[in-house]
Amino acid sequence: MSKAIIPFETFTETAGVEHTDFINSLHEHLVNANCKAEIKEAASGYVVSYIHIPTKRTVINYVFRKKGLMLRIYADNVPHYMEILETFPNTMKDLIKKSGSCKRLRSPDDCNARCLMGFDFILDGERQQKCRNGAFMFFLDDETKPYVNILVLREMQLRN
């Protein structure tokens, strides 16, 4: 039995009108930057992943939660643009700082061998070694959208 293909419009409608312009704009940029979107059903809505075709690595995921729509960014190149993080509001910086540490960065044998290593960067003068699955995961709202957009666009510049 094959899985049903979920139209992109179904995802954007489910995300809500307040996110439509942001989602469509980022979608256009990512598709033009050689990414493909994969939409899968999940318990709380959909998980939408953008995969960079040449590297087969995920760039972002949209994830639905009870509190709203979240965006997870896999900022593989963050050491090359750490200064961007310094422009983030303190609420976003605090989320990054409170996210889980990367066990593989601290001791490679402490995590699953198939787990990709997390991110090692400086934020507010302090070294951060964060798990790639939670380091850059933000609820989308009027405050966060401009900052996550900048982060994704910069990441894509370095991937292409």
Side-chain angles (χ1 to χ4, degrees), residues 8 11-12 14-39 42 44-106 111 115-160:
F8 184 75
F11 157 63
T12 57
T14 303
V17 69
E18 69 274 18
H19 300 303
T20 303
D21 290 342
F22 177 83
I23 290 170
N24 286 334
S25 174
L26 198 53
H27 174 79
E28 183 177 336
H29 182 81
L30 289 168
V31 168
N32 289 335
N34 216 4
C35 292
K36 68 176 180 174
E38 291 184 356
I39 305 170
S44 56
Y46 300 105
V47 173
V48 182
S49 301
Y50 283 84
I51 293 95
H52 187 234
I53 296 168
T55 61
K56 298 179 183 172
R57 301 275 302 261
T58 303
V59 179
I60 65 167
N61 298 122
Y62 288 103
V63 182
F64 286 87
R65 296 287 191 254
K66 288 181 183 179
K67 290 183 178 183
L69 184 63
M70 297 190 83
L71 183 70
R72 175 186 293 127
I73 305 164
Y74 296 100
D76 293 350
N77 294 293
V78 71
H80 300 288
Y81 53 82
M82 292 182 289
E83 70 282 355
I84 290 173
L85 302 178
E86 300 299 334
T87 68
F88 281 25
N90 287 333
T91 53
M92 291 178 73
K93 288 181 182 182
D94 289 344
L95 286 172
I96 295 168
K97 291 174 187 177
K98 291 177 185 174
S99 67
S101 295
C102 176
K103 295 175 187 174
R104 280 195 68 132
L105 282 170
R106 294 179 187 231
C111 197
C115 179
L116 295 175
M117 205 162 294
F119 309 123
D120 193 344
F121 58 96
I122 306 296
L123 178 60
D124 288 339
E126 297 175 11
R127 185 175 187 195
Q128 306 291 320
Q129 293 184 310
K130 298 298 180 176
C131 176
R132 65 184 293 103
N133 293 317
F136 303 107
M137 190 163 179
F138 307 101
F139 280 104
L140 291 179
D141 58 31
D142 290 340
E143 180 184 43
T144 62
K145 285 177 187 175
Y147 296 98
V148 298
N149 190 58
I150 290 167
L151 192 61
V152 173
L153 296 180
R154 185 67 178 116
E155 178 63 29
M156 290 312 303
Q157 284 178 337
L158 291 169
R159 289 198 189 198
N160 283 322

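Hydrogens, waters and symmetry mates play no part in the numbers below; they use all other heavy atoms, side chains included.
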#### Entry: Criterion side-chain contact (heavy atoms from CB on, under 4.5 Å) on Asp76 and Phe119, from CA distance to verdict
CA-CA 7 Å; Asp76 293 350; Phe119 309 123; 3.5 Å; yes
Would you name the heavy atoms of [X] and [Y] that are closest together and state the gap between them?
| X | Y | answer |
| --- | --- | --- |
| Gln128 | Lys97 | OE1-CA, 3.9 Å |
| Ala42 | Val47 | CB-CG2, 3.8 Å |
| Gly118 | Leu105 | C-CD1, 3.8 Å |
| Phe22 | Val148 | CZ-CG2, 3.7 Å |

Flag, side chain of [X] to backbone of [Y], donor-acceptor distance under 3.5 Å:
| X | Y | answer |
| --- | --- | --- |
| Asn32 | Glu28 | yes |
| Lys56 | Ile51 | no |
| Lys130 | Ser99 | yes |
| Asp141 | Glu143 | yes |
| Arg72 | Asn133 | yes |
| Thr12 | Thr20 | no |
| Thr87 | Ile84 | yes |
| Ser44 | Phe64 | yes |
| Glu86 | Asp124 | yes |

Reported [atom1]-to-[atom2] distance for the pair [X] and [Y], which is rounded to 0.5 angstrom:
| X | Y | atom1 | atom2 | answer |
| --- | --- | --- | --- | --- |
| Ile73 | Leu151 | CD1 | CG | 4.0 Å |
| Ile122 | Glu83 | CD1 | CD | 12.5 Å |
| Leu26 | Lys145 | CG | NZ | 11.5 Å |
| His52 | Asn34 | NE2 | CG | 5.5 Å |
| Asn160 | Cys35 | CG | SG | 7.0 Å |
| Phe136 | Phe121 | CZ | CZ | 3.5 Å |

### Residues which pass ring pair (Phe, Tyr, Trp, His ring centres under 6.0 Å) with His27, listed by chain and number, not counting sequence neighbours
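Only Phe8, Tyr50 meet the ring pair (Phe, Tyr, Trp, His ring centres under 6.0 Å) criterion with His27.
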### Query
If we only count heavy atoms from C-beta on, is the Ile96 to Phe88 side-chain gap below 4.5 Å?
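The answer is yes; the side chains approach within 4.5 Å.
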### Query
Given side chains that start at C-beta, do those of Tyr74 and Arg57 come closer than 4.5 Å, heavy atoms only?
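Counting from C-beta outward, Tyr74 and Arg57 never come under 4.5 Å.
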### Query
Is the number of heavy atoms from other residues, nucleotides or ligands under 6.0 Å of Lys93 NZ greater than 12?
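Enclosed.
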### Query
Is the NZ atom of Lys36 crowded by more than 12 outside heavy atoms at less than 6.0 Å?
no
### Task
Let me know which of Ile39, Thr14, Leu69 forms a side chain to side chain contact (heavy atoms under 4.5 Å, CB included) with Tyr62.
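Answer after filtering Ile39, Thr14, Leu69: Leu69.
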### Message
Testing Arg154, Met156, Glu155 one by one against Leu158 for a side chain to side chain contact (heavy atoms under 4.5 Å, CB included), which residue passes?
### Response
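Going through the options one by one, the only one that passes is Arg154.
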#### Entry: Parallel, tilted or perpendicular, as decided by the 30° and 60° cut-offs, for the rings of Phe11 and Tyr46
perpendicular
